[in-house]
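The structure under discussion appears below in the form of structure tokens.
None of these values were measured; they are calculated from a predicted model. This chain uses plain numbering: 1 for the first residue, then up along the sequence. Computation of the quantities below employed the complete heavy-atom set of this structure, encompassing side-chain atoms and omitting hydrogens, waters and symmetry-equivalent molecules.
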Amino acid sequence: MYILEPERKTPVIGEYDVAVCGGGVAGVAAALAAARHGAKVLLIEKQFALGGLATLGLVTIYLPLCDGLGRQVSFDIAEELLRVSIQHGWEDKYPAAWLENGTAEEKQKRRFEVQYNASAAAILWEQLLRDTGVELLYGTSVCAVQTENDRITALVLENKSGRQAVRVGAVADCTGDADLYALCGAETALYEQKNVLAAWYYELKDGALRLRPLGYCDTPNKYKTPEQIAKDTRKRYQSIDGKEISEQVIEMHAWQLRAFLKDGDFSMTHNMTSIGTIPQVRMTRRLCGEYTMDDTEMHTEFSDSVGLFSDWRKAGPVYELPFGTLYNRKVKNLAAAGRCISVTDDMWDITRVIPVCAVSGQAVGTALAMHSDLTEIDIAALQNTLRADGVVLHEREL
């Protein structure tokens, strides 16, 4: 059953070189990079704060910028956002050796990661973007795209002002769910295992404030035995359906309350100080790009690499990020960054995290500021620009 909406004229409220859709870490990095390279940038975020899962989802662990063997591999904006997030203090896992010129031996003992405050990070990243000239539009969803000649020419938005539109030269899909690619009808893929429930929260207990993680990411089936797979009966969520996400959040809330009350009722000395305001999903829907990367490709050199990242789960592996994982030539002026880039299910758990979101975001923002047609972009020029900004592109250059 359907209803017919009346035909309407949608007012155009602006024109931008680059529109960044999604204000998580990938979107922050993309907007920052594009603005620094001269683009007029609009960042569109459906919530009312930046950071996505890294702030609103309370996943407040900035995972490693190093390989676990004493080498930093992710640089520039990836490191800048970490440092900005803790400029007024940190919560835990302070990487003193990395931030205070420690020895190589000290860097091998502790990875370059930190636990930061979600509220501080959201505000500080917002101030950073505003100081760089990025225009922010909160409480806004992209509900339709206008395309012409395999390019997005306008985005239709919905917010408290109703329906509006912006004309765009290029678009960064930093939604985490490849929403823009789906709206364009481009090829996408779903994470086959789906998401298990996770529901982190903060608790005040015995005079101390602590992050309480309930549930983590799920290990890809590739790394499980058949017995482990058979015994795992947890409910799973694809997390791209409105009704299902609502049910997921309701269960998340109930789990948090049950866990908190195990230590006693609420009081001035025992309190649940904050819960995530968005569902804690990991892998949902992704772009099918020009290249799809797999977890077996560690220490592999790519001619179109736009940055490096490590495996947050273990020491040793270093990956180069091919530019081909960030776009599909069927939509020439659209690129993806963050947890919806083109990777296999086994690789997805490695690339969905904060450092890779920042690395891919910087690459996408820089590329779209340089050229709105990604099928014609000069990869060598893009790489030279990233190098000049401080990004290391190949493992052999470390």
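Between G307 and V391, the closest heavy-atom pair is CA-CG1, 4.0 Å. Listed here is the closest heavy atom pair of A363 and L386: CA-CD2, 4.3 Å.
No salt bridge links R111 with D67; every basic N to acidic carboxylate O contact stays at or beyond 4.0 Å. Between R36 and D389, none of the side-chain N atoms (NZ, or NE/NH1/NH2) sits under 4.0 Å from a carboxylate O, so this pair counts as no salt bridge. By the 4.0 Å N-to-carboxylate-O rule, K224 lies close enough to D232 to be salt-bridged with it. Salt-bridge check for K222 with D295: passed, with a basic side-chain N closer than 4.0 Å to an acidic carboxylate O. Between R210 and D92, no side-chain nitrogen of the basic residue sits less than 4.0 Å from a carboxylate oxygen of the acidic one, so the salt-bridge criterion is not met. Between R71 and E395, at least one side-chain N (NZ, or NE/NH1/NH2) sits under 4.0 Å from a carboxylate O, which counts as a salt bridge. Of the charged side-chain nitrogens involved, none lies within less than 4.0 Å of a carboxylate oxygen, so that K243 and D241 do not count as a salt-bridged pair. Taking 4.0 Å as the cut-off between side-chain N and carboxylate O, D349 and R282 do not count as a salt-bridged pair.
Side-chain atoms of I275 and H253, non-hydrogen and from C-beta on, do get closer than 4.5 Å to each other. Residues V171 and V331 are not in side-chain contact: their nearest non-hydrogen atoms beyond the backbone lie 4.5 Å or more apart. L128 places a side-chain heavy atom less than 4.5 Å from the side chain of L81.
A donor-acceptor pair is defined here as one N or O able to donate and one able to accept, closer than 3.5 Å; no such pair exists between the side chain of S342 and the backbone of T325. A distance-only check finds no donor-acceptor pair linking the side chain of S141 to the backbone of E158 [under 3.5 Å]. A donor-acceptor pair is defined here as one N or O able to donate and one able to accept, closer than 3.5 Å; no such pair exists between the side chain of Q115 and the backbone of I61. No side-chain donor-acceptor contact under 3.5 Å links D17 to the backbone of G169. Between the side chain of H270 and the backbone N or O of G264 there is at least one donor-acceptor pair closer than 3.5 Å. With hydrogens and angles disregarded, no donor-acceptor distance shorter than 3.5 Å links the side chain of Q146 to the backbone of A154. Checking side-chain atoms of E100 against main-chain N and O of A97 turns up no donor-acceptor pair under 3.5 Å. T175 places a side-chain N or O within donor-acceptor distance of the main-chain N or O of D179, the cut-off being under 3.5 Å. Side chain of Q193 to main chain of N221: a donor-acceptor pair is present (N/O by atom type, distance under 3.5 Å, no hydrogens or angles). With hydrogens and angles ignored, the 3.5 Å screen pairs a side-chain donor or acceptor of E297 with a backbone N or O of D294.
Counting heavy-atom neighbours within 6.0 Å of R130 CZ, excluding the residue itself, gives a total of 12 or less. The number of heavy atoms from other shown groups lying within 6.0 Å of CD (E105) does not exceed 12. Under a cut-off of 6.0 angstrom, the local environment of NZ in K46 is sparse, with at most 12 non-hydrogen atoms contributed by other residues, nucleotides or ligands.
The aromatic rings of F260 and F266 sit tilted, their planes meeting at an angle between 30° and 60°. Relative orientation of the F323 and Y327 rings is tilted, given thresholds of 30° and 60° on the angle between their planes.
Of the candidates E79, E80, Q87, R83 forms a side-chain hydrogen bond (donor to acceptor under 3.5 Å, both in side chains) with just one, namely E79.
Cation-pi geometry between K194 and Y237 is not met: the NZ or CZ atom fails to fall both under 6.0 Å from the ring centre and inside 45° of the normal.
For residues 109-154, the ring pair (Phe, Tyr, Trp, His ring centres under 6.0 Å) pairs, not counting sequence neighbours, are W98-F112. For residues 335-366, the ring pair (Phe, Tyr, Trp, His ring centres under 6.0 Å) pairs, not counting sequence neighbours, are Y191-W348.
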Show me the donor-acceptor pairs within less than 3.5 Å that the side chains of residues 8-15 make with the rest of the protein, sequence neighbours left out.
| from | atom 1 | to | atom 2 | distance (Å) |
| --- | --- | --- | --- | --- |
| R8 | NH2 | E5 | OE1 | 3.0 |

